[in-house]
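Comments concern the structure below.
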Amino acid sequence: MPADRALRIVLAEDSVLLRDGLVGLLTRFGYEVVAAVGDADALLAATAEHVPDVVVTDVRMPPGFQDEGLHAAVKLREERPGLPVLVLSQYVQRAYAAELLDSGDGTGVGYLLKDRVGQVEEFVDALREVAAGGTVVDPEVVRQLLRRRRDPLARLSPREREVLGLIAEGKSNGAIAKALVVSDAAVGKHIGSILTKLDLPPADDTHRRVLAVLAYLRS
C-alpha cells in the first residue's frame, strides 16, 4: 500500500543480529527505517531527531537490561501522545503491558512477544494496525492474563464469558458464531452486552474486541 511506503520507523533493539534482521524485514515491506539503535537513550535521541511515524522497541535494553526500552516508549508517548509505538518483549509481563497500554492517548500502541516477529505476516499486520492508530496485544499475552484473573468476569453470563474468551483468541464474529453455533447477530448482541457490563464506552469495530479484553485486564 502506498501509505505503508511513506511510514518512517525508528527501531530500538540491543541485539545486533535481530536489529539487522528487523531492518531488512521492514525495508522489504516498504517501510523506511530512519534509525536503528541499541539502547534507550539512543532511542529517545533518534526519535527527537527524526520525528518518525512509528517506533518499534524492545523492552529490555542497556545498561540494566530491565525495562529501559519500555520506559523510553512511555516517555515518548507522554511527550507525543499520538505517537504509534510497538513494543517487543521476550516474556509475558502484565505490568509492562498495562503501563504501555495506559500511556499516551490510548491509540496507536502494541505489545507483542518477540516470537511473533518470526511470523512475518502477523508482525507486519500488527505494525500496520498500530501505525493506523489501532491497539494490538499479543494473543499469548491475553491468554495468560485471562487465566490468571477471573473475578471481573463475574458480571458476565456463561455465554458472554465464552464469547470474551474467543475474542481474546482473535476470532472474528463469524468464527465465534460458528464455534458457538449461533447467528452473527447473536454474537453482536453478546459483544454489546460485554461492553456494557465492563463499563466500556462504544468503540468502532476495529477496536472493540481488544478494548473489551483490555478493560477486563485493567479491572
Side-chain angles (χ1 to χ4, degrees), residues 3-4 6-14 18-19 22-23 26 31-114 116-117 123-139 141-142 145 200-201 203-204 206-219:
D4 291 341
L7 290 175
R8 303 167 67 253
I9 298 174
V10 165
L11 170 67
E13 166 59 53
D14 66 283
L18 180 55
R19 185 167 70 238
L22 282 169
V23 170
L26 293 169
Y31 295 96
E32 180 185 0
V33 181
V34 294
V37 301
D39 63 69
D41 288 340
L43 168 60
L44 295 174
T47 302
E49 177 182 354
H50 296 285
V51 193
D53 300 304
V54 189
V55 167
V56 178
T57 181
D58 187 12
V59 168
R60 298 184 177 185
M61 304 186 72
F65 293 97
Q66 296 298 317
D67 52 10
E68 291 86 351
L70 176 77
H71 285 165
V74 172
K75 179 178 175 62
L76 288 172
R77 284 174 59 79
E78 288 174 349
E79 296 173 349
R80 183 179 158 192
L83 174 65
V85 172
L86 177 61
V87 167
L88 304 177
S89 180
Q90 188 69 44
Y91 308 104
V92 176
Q93 292 283 353
R94 184 179 188 277
Y96 290 169
E99 185 173 358
L100 175 70
L101 295 166
D102 285 334
S103 66
D105 64 1
T107 66
V109 62
Y111 183 93
L112 292 182
L113 295 183
K114 284 189 175 181
R116 198 66 55 187
V117 176
F123 172 67
V124 172
D125 285 346
L127 179 59
R128 185 179 294 114
E129 178 72 16
V130 169
T135 302
V136 176
V137 182
D138 194 286
V141 174
V142 174
L145 297 179
L200 193 65
D204 61 46
T206 302
H207 297 155
R208 69 191 314 181
R209 289 172 175 76
V210 71
L211 288 175
V213 175
L214 294 179
Y216 163 70
L217 296 179
R218 289 168 176 162
S219 62

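Treat the numbers as computed from the prediction; the structure is a model and nothing was measured.
We find the CG-OH distance between Leu22 and Tyr31 to be 12.5 Å, quoted to the nearest 0.5 Å. Distance CG/Leu127 to CG/Leu86: 6.0 Å, rounded to 0.5 Å. In this structure, the separation between CG on Leu112 and CG on Leu88 is 6.5 Å, given to the nearest 0.5 Å. With rounding to the nearest 0.5 Å, the separation of CZ in Arg60 from CD in Gln66 is 6.5 Å.
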Decide side chain to side chain contact (heavy atoms under 4.5 Å, CB included) for Lys75 and Leu44; before the verdict, give the C-alpha distance in whole Å, the side-chain angles of both, and the deciding distance to 0.1 Å. CA-CA 9 Å; Lys75 179 178 175 62; Leu44 295 174; 4.1 Å; yes
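Within the 4.5 Å cutoff, the side chain of Glu32 has no heavy atoms near those of the Ile9 side chain. Looking at Val37 and Leu11, their side chains never come closer than 4.5 Å, going by heavy atoms from C-beta outward. Between Pro84 and Val109, every side-chain heavy-atom pair lies at or beyond the 4.5 Å cut-off. In this structure the side chain of Thr47 reaches within 4.5 angstrom of the side chain of Leu83, judged on heavy atoms. With contacts defined as side-chain heavy-atom distances shorter than 4.5 Å, the pair Val85/Val74 does not qualify.
With hydrogens and angles ignored, the 3.5 Å screen pairs a side-chain donor or acceptor of Arg77 with a backbone N or O of Gly108. Checked by atom type and distance alone, the side chain of Asp39 pairs as donor or acceptor with a backbone atom of Ala42 at under 3.5 Å. Under the 3.5 Å distance criterion, the side-chain polar atoms of Arg8 are matched with a main-chain donor or acceptor of Val51. Here the side chain of Asp14 pairs no donor or acceptor atom with the backbone of Gly38 at under 3.5 angstrom.
Counting heavy-atom neighbours within 6.0 Å of Lys114 NZ, excluding the residue itself, gives a total above 12.
Applying side-chain contact (heavy atoms from CB on, under 4.5 Å) to Glu13 and the options Val117, Asp58, Leu43, Thr57 leaves one that passes, Asp58.
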